[in-house]
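Atoms within a ligand are numbered from 1 in the order they appear, just like the ligands themselves.
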Amino acid sequence: MSPLLLLSLILGSLATPSLSISEDKEDFIQETCKKTRYFALCNSSLRSDPRSSNADLKGLVWISIEILHEKVSDTLFFIIGLYKNTRDPELSRFYGSCIEDYGTSVRRLLPEAVKALGSKDYATAKNDATAVTSYIDACDQQFAEKTPFSDRNIIVHDLSLVASTIIGLLG
Ligand SMILES: *[C@@H]1O[C@H](CO)[C@@H](O)[C@H](O)[C@H]1NC(C)=O
């Protein structure tokens, strides 16, 4: 089974009553996000998924990884589009290296994090999420000026730190 299929199955099971806890969920999301460096982003992105209102900490971790995966994939396709359309050899090289950084995150790091979470190997999952941050930083730091995806890099960077921080709360 592919890690992403596994992820969607696990997320699908979040709606089951066994995973819901009795305390106020709105406060629980807030409380969790306060422990991250990016409260507003954490709060708004987790709440963009309706399952978060019913999720425990583990559920929030899965949701944060899914949101991160979505943003990383979107940005990867966006950069591939730029890469195909540039004739500037330097930009072409920079974009190409970003495609590798984002590609590594989508193909290796995030599926590995999902697998590690499934086997309660939280340290590995956290390392993978943190590694995504480094890869996206490496992509971003090549450019002296703002790129058409600088803002996306920032969001992916921040979301990966949110995910790794929440994973760290699992123990
Ligand atoms: C958290 O996000 C929700 C929905 O986006 C928003 O209504 C709420 O005000 C936010 N909470 C805080 C404390 O910013």
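Paired with D158 under the rule side-chain contact (heavy atoms from CB on, under 4.5 Å), one option of T133, L68, I136, L41 passes, and it is L41.
With respect to the salt-bridge test (charged N to carboxylate O, under 4.0 angstrom), the residues D56 and K58 do not qualify. A salt bridge links E66 and R51; the closest N-O separation between the charged side-chain nitrogens and carboxylate oxygens is under 4.0 Å.
Closest heavy-atom approach to atom 4 (C) of ligand 1 among the candidates Q30, K34, R47: R47.
Counting protein heavy atoms under 4.0 angstrom from atom 9 (O) of ligand 1 gives zero.
Between F143 and F94, the ring-plane angle classifies as perpendicular under the 30° and 60° cut-offs.
Among all protein heavy atoms, the one lying closest to atom 1 (C) of ligand 1 is N43 ND2, 1.5 Å. Nearest to atom 14 (O) of ligand 1 among the protein's heavy atoms is F39 CE2, 3.6 Å.
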